[in-house]
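Report on one structure; see the data block that follows.
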Amino acid sequence: MKRAAKIATWSIGIVGLLVVGAIVAVHFLEDSEFVRSQVAERFSGFSGKKTTIGKLSIDWGSTSHVHLSDLAIANASWGKAAHMLKAEEIDFDIQLWPLLHGEIVLPRLSLRKPEIHLERNDKDQSNWSTSQAPVAATAAKAVKPEERHQTPLIGRLEIIDGKIGYTDLKRKLDLEGTVSTATGKAGAEPQAELTLKGNLQSQPLTVHFLGGSALLLRETNKPYPVDLDVAYGGTRLKVKGTLQDPMQWKGANVQIALSGPDLSDIFPLLGIPGPPTPPYELSGRLDHSPGIWRVDDLKWHAGDSDLAGDIAIDQHTKPSHLTAKLTSERLTFKDLAPLIGASPGTHGNVSAQQKEAAAKTEAKGNLFPDVPLHVERLRAMNMDVSLDAKRVIAPAYLPVQALDFRVLVDNGQANVRPLRMKFGGGSVIGDLGIDAQSDIPKVHTDLDLKDIDLAAFFRGSRFFDTTKGLVQGQVSLAGTGRSLAQVMGSSDGHVSLAMAGGNVSNLMVSLAGLQIADALVLYVTGNNKIPLRCALGRLDVSHGQATFENTVVDTPKSVLHLDGQAALSNQVVMLKLTADPKHFDLLDLHAPVLIQGKIRSPNISIARTISIPTPVIGTAKDVQCEALTNQLFSMNSQKVQQ
């Protein structure tokens, strides 16, 4: 059916052309101006754009020779350039009889100083659209080649001093460059070469494409070579290989390589909302089927982490849908820091921008980064991304051992569910959600902590052998904002932790300074191990103000109470640690320990109300650990149900 439409279209066209030729030959043989004006007028009506031709000559024959000079096709009324297309000279030979079979055979095509200006305005209207010219749209659809052998057969293509420009106001893209034919290596067929330079989102952009000759495009027994090199800011994209049928992307042997300082930078270039990452290198085999792009055998190195898997983008739906299944045999946890706006560090494989952001956060003494996250990009594409990191390398204070999650994005709403971590010998299980449908995103997280070994936080240190205990907990927080700092500063929810039994190292306490060590030794015990009957507490968060409630540590000699608040908006903490002795103590300071200042690095001191230790009769009772723990977590369950 398609083939028949092609033949019918070209047959009507050639008959019409022959009729015009006959009329011209009989009645106006000497009037080339009439021919020129008639052709220009017909093409104007056909394309919907005013067309002018300086000169036109046709030498009729089975292979006709056509020569045009000073051709100009007007731009859209809103366009920036004066013309959409113009050329100083177009000279070609065309065989007429193959047109009756739907074939275009041009033994020779020469373009001298062609200029093409393609534009798209802020309303997504394009100046090359045929929507205003139904005749042209129908014809273009009918003659569009579906297979390699249906492309126009061009024996010799010559493009001299060609120029091309592309402007997209909505994407802030502006490109200008050259297009020409270049002689292939070792005298091979001429190759098509395109070079563009310009700006995209205020970043420099260069595009260089080198493809096979026009004649080679028709030779179905030979693979067609493609070589694309794009540089955008610090991002580099390379696509190189061969296609057995470039019209249908069949028989592809094409490799893609992508690298740069941050994968999120690809969004303006490719329209894919890549996650923030450390400097990365990505490679794989690029394949395509109608409406679907794939990268198979993906190898991805980001920071100090390695990932592998497959990625597919389905363009049949709006917005497009991205599916990725990734695995990692080695994932460095710090490389995930850019996901929350934090820097993976100031040393090693870190971009200059990430180092600068880390330095600013550290200079302010902040724990939560205030780097804006472009979560609004989640509206651009739906996604289903899973990652199974079988081995995670993490610092001692954050003992993540493995990580497994799935991210589902649907029209700007992202849900990480389930989120599973092997953490400190135990587990962290839950979900995370981001609603980016509005300009101010809403974020929530719900996590359950089970059987986390307290000693895991001190692996590799001298405190490991003297620290013991299993921690249970719940985290439920929700906030709004464009950065982690804004989300935490507006958050509501709670954090609850409990540990039944165990011990901590007395020596560990000394790291906080001599004064705090002296105080806690007098409060608790003089042994190297401080036994714990239990420890539990709750942090209630309301509008970014965190309050410690029912936070106690029960030891054989004392009950420690932690009270105070943390303002998450300015990341400042004001806490007081007091101890009630259970027995008579000859030496007691009668002074609480104060923890004040920035959350990241608070000052710890003793509020000495009495200058010297004095005897005290201890009256504190053992904490009812099991009852209080049950009450703590039942309170959380009741709030969830409400």
Problem - Shortest non-hydrogen separation from Met381 to Ser320 and the atoms involved - result: CG-O, 3.2 Å
Atom pairs and distances, donor-acceptor, side-chain atoms in residues 306-313, under 3.5 Å, two or more places apart:
{"unit_1": "Asp306", "atom_1": "OD1", "unit_2": "His301", "atom_2": "ND1", "d": "2.6"}
{"unit_1": "Asp310", "atom_1": "OD1", "unit_2": "Asp297", "atom_2": "N", "d": "3.2"}

Problem - Electrostatic pair Arg379-Asp439, nearest N-O below 4.0 angstrom - result: yes
Exercise for the section: Could you tell me which non-hydrogen atom of Ile434 sits nearest to which non-hydrogen atom of Pro441, and how far apart they are? Expected result: CG2-CB, 4.4 Å
Exercise for the section: Hey, could you give me the NE2/CD distance between His494 and Glu549, rounded to the nearest 0.5 Å? Expected result: 11.5 Å
Exercise for the section: Among Val407, Leu322, Asp410, find the one that has a side-chain contact (heavy atoms from CB on, under 4.5 Å) with Met383. Expected result: Leu322
Handout entry: Close side-chain approach of Thr277 to Pro338, heavy-atom, < 4.5 Å
Key = no
Exercise for the section: Report the C-alpha distance between Glu281 and Lys299 in whole Å, list the side-chain angles of each, state the deciding distance to 0.1 Å, and finish with yes or no for side chain to side chain contact (heavy atoms under 4.5 Å, CB included). Expected result: CA-CA 8 Å; Glu281 294 179 354; Lys299 292 180 176 59; over 6 Å; no
Practice task
Indicate the atoms forming the closest heavy-atom contact of Ala414 with Val409, along with that distance.
Solution key: CB-CG2, 3.8 Å
Problem - Over all atoms of both residues, closest heavy-atom pair of Gln474 and Asp448 - result: CG-OD1, 3.5 Å
Problem - Residue pair Ser476 / Asp446, side-chain donor-acceptor N/O under 3.5 Å - result: yes
Completion exercise
Tested for side-chain contact (heavy atoms from CB on, under 4.5 Å) against Val443, the lone hit among Thr480, Asp435, Leu432 is Leu432
Handout entry: Side-chain donor/acceptor of Arg533 to backbone N/O of Val623, under 3.5 Å
Key = yes
Practice task
Using the test side-chain contact (heavy atoms from CB on, under 4.5 Å), find all partners of Gln203 that sit at least two apart in sequence or belong to another chain.
Solution key: Tyr232
Practice task
List the steps and the verdict of side chain to side chain contact (heavy atoms under 4.5 Å, CB included) for Asn382 and Leu408.
Solution key: CA-CA 8 Å; Asn382 291 336; Leu408 294 174; over 6 Å; no
Problem - Sidechain N-carboxylate O distance under 4.0 Å for Arg538, Asp540 - result: yes
Handout entry: Side-chain heavy-atom pair Arg406, Arg417 within 4.5 angstrom cut-off
Key = no
Problem - Verdict with supporting geometry, Thr547 and Gln565, side chain to side chain donor-acceptor pair (under 3.5 Å) - result: CA-CA 4 Å; Thr547 303; Gln565 292 184 329; 3.2 Å; yes
Practice task
Using atom types as modelled and distance alone, determine if a side-chain donor or acceptor of Gln437 lies under 3.5 Å from a backbone N or O of Asn411.
Solution key: yes
Fill in the blank from the handout: Sorted by chain and residue number, the salt bridge (Lys or Arg N to Asp or Glu O under 4.0 Å) partners of Asp404 (sequence neighbours excluded) come out as Arg420
